[in-house]
Amino acid sequence: MTAYLKLDHIDKVFTRGAATTEVLKEINLTIEKGEYVSIIGHSGCGKSTLLNIIAGLTNATTGGVLLENREVNSPGPDRAVVFQNHSLLPWLTVYENVRLGVDKVFAKTKKRAERDAWVMHNLNLVQMAHAKDKRPSEISGGMKQRVGIARALAMEPKVLLLDEPFGALDALTRAHLQDSVMALHQKLGNTILMITHDVDEAVLLSDRIVMMTNGPSARIGEVLEVPLARRRKRLELATNATYLKCRQRVLEFLYERHRFVEAA
Amino acid sequence: MNMPAAKIEIEIATPAASAAAVVAMTPKRPPRTQAYARLARETAVRVIPPLVVIALLTLIWELICRRAGSALPPPSKVFKDTKELILDPFFDHGGIDKGLFWHLSASLQRVAFGYSLSAIAGIGLGVLVGQSVWAMRGLDPLFQVLRTIPPLAWLPLSLAAFRDGQPSAIFVIFITSIWPIIINTAVGIRNIPQDYRNVAAVVQLNPLEFFAKIMIPAAAPYIFTGLRIGIGLSWLAIIAAEMLIGGVGIGFFIWDAWNSSHISEIILALFYVGIVGFVLDRLIAGLGKFVTGGTAQN
């Protein structure tokens, strides 16, 4: 097993004045190239903090992140993030939002015309080329998230980080986008790490599901392999025994062994 | 149950499409006169009420002031006295005996100069205070005290420093209009959502690119609020400052008219001051709308 992305003994402690809160404890995880891994856990368990550490937006207190055996501790386009609330810049058009990253990442390697073609290629991948001159306020939530995905993909990241990418969308749009992401993963073979709190989403999309215990001091409780063949079809899986068993495992973990106490 | 329904739709689809094409072929132009009528009505709704109010107020003013021995002239007398000034704003008899255009333009030049300086310095300082916690801790208390000093209180000091009316007036405009620009810019910078900073970090923008591509556009609505308050304050300050420094300028024109008891000229000048102030405010507001492209934070 080749470790493409490696989380090595990550601890995270937040300090405010005299009070310290240990958020993450002893996180160890290796992800292979091309793998789709989901991290699931109740809200407040520190899964977003973990993603921020991998993205380099926050630093781990101890331990580190290795990407292709090199430590990474600052943000960069090799770990592009699709943010939960899309985070498109409202004063730029759809095209310009994607172009911002492309101009920066391929400043030396691609010519102007090539960068333009690359932006359009990525907008086409998420079927948003038709809206290239619209501003984020003029398109729907699902479309914004598509553009967010295009922006991240266009940076050709080694690992694509998805931070609850479909959390703010309605159920129908969400299903549609999940299918799109699955198709993209199939086509491009990206390594993807996704934060989610949706059990069905995790089982449907992932090769492995990382289940986190409740915080404080959240740790990895269990890692579940999802042995379902690609390409997966939502409707067929609804009655698939393996799918249901995986789903059952995750549900048991979340609602029996690690119930969210505060939610009760 | 669904299948037959879908089938029916498919069968119907073709004739419906051709029917639509037929409809599109017939030129069915919306009546132009109707559009013009609507436009005229919309304009009338906006223009008529203020006109009615102005007419009414003028009438009341006329009735109150037309009696013999009233201290202020009625509108009819104002018009009669200032007819020459209104009809020929461009005369120049040397010294300060010039048309109103020259007075207004002298005042506007001072404002343009002082305000430009304060916009540049204000945005710069605002960015500094908004971005750096230490700059804020050090400078903010100072700003909060200085901004409460009335514009004219600065004038004697600046006259002492510059020994000349012109730079003193410009300094008064600068020091009056800079505070709202600094404070609003700083608030705008501080309110840049963390998401935008994260995006910039992932894309690895350098500080200069971050300033130009994220910071300024994100804070633009706030900056323009500050600029708009600033232009209003500079126009307030210049009139008062000019009354004291003398020379050509609408402020001194008013003071001069008062000294020669030309009350009608004062009223005319006030009218112009109001209009110019209004236009300046609209100008900055329009510029703000143009620059931010009407994209508020969504």
Side-chain angles (χ1 to χ4, degrees), chain A residues 48 51-52 54-59 72-94 96-107 133-141 144 147-148 151-163 168, chain B residues 1-3 6 123 126-127 130-131 133 137 184-185 187-228 284-298:
Chain A
S48 279
L51 185 113
N52 281 344
I54 299 168
L57 296 167
T58 318
N59 280 327
V72 284
N73 48 20
S74 63
D78 55 345
R79 284 150 291 131
V81 186
V82 176
F83 296 95
Q84 180 176 11
N85 53 353
H86 68 79
S87 293
L88 298 179
L89 305 175
W91 54 87
L92 298 180
T93 62
V94 162
E96 289 164 339
N97 263 293
V98 180
R99 181 75 187 246
L100 182 73
V102 170
D103 275 347
K104 208 48 199 157
V105 177
F106 301 107
D133 293 321
K134 291 224 165 85
R135 289 188 194 270
S137 56
E138 295 165 336
I139 57 178
S140 70
K144 282 178 205 166
V147 178
R151 175 172 64 186
L153 283 176
M155 293 184 236
E156 277 196 328
K158 288 176 179 160
V159 182
L160 185 61
L161 303 171
L162 309 179
D163 188 2
Chain B
M1 286 300 275
N2 270 338
M3 284 313 286
I123 292 173
V127 168
Q131 187 68 359
V133 177
R137 286 183 190 157
N184 279 284
T185 304
V187 170
I189 299 288
R190 233 171 283 144
N191 281 353
I192 295 175
Q194 187 58 43
D195 296 334
Y196 299 170
R197 294 180 186 273
N198 286 347
V199 169
V202 169
V203 178
Q204 287 184 331
L205 295 181
N206 63 38
L208 205 67
E209 288 168 323
F210 179 69
F211 175 76
K213 293 187 176 167
I214 309 280
M215 210 184 243
I216 292 299
Y222 290 89
I223 294 175
F224 274 98
T225 305
L227 287 176
R228 220 176 136 184
I284 300 294
L287 186 68
K289 210 176 228 174
F290 174 74
V291 170
T292 55
T295 51
Q297 321 277 344
N298 61 333

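Labels below follow one simple rule: chain letters A, B, ... track the order of the sequence lines, proteins then strands, and each chain is numbered from 1.
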Need one label for A:Val81: side chain, backbone, both or neither, based on atoms under 4.5 Å from any heavy atom in chain B.
both
Where is the tightest heavy-atom contact between [X] and [Y], given as atom of each residue plus distance?
X        : Y        : answer
B:Asn206 : A:Lys104 : ND2-NZ, 4.1 Å
B:Val202 : A:Ala80  : CG1-CA, 4.0 Å
A:Phe83  : B:Val199 : CE1-CG2, 3.8 Å

Who wins among A:Leu100, A:Asn52, A:Asp103 for the most heavy-atom pairs under 4.5 Å with chain B?
A:Leu100
Checking side chain to side chain contact (heavy atoms under 4.5 Å, CB included) for the pair B:Gln204/A:Asp78: CA distance, chi angles, key distance, verdict?
CA-CA 11 Å; B:Gln204 287 184 331; A:Asp78 55 345; over 6 Å; no
Would the distance check show the side chain of A:Trp91 and the main-chain N or O of B:Lys213 forming a donor-acceptor pair, the cut-off being under 3.5 Å?
yes
Distance (rounded to the nearest 0.5 Å) between B:Asp195 CG and A:Gln84 CD:
9.5 Å
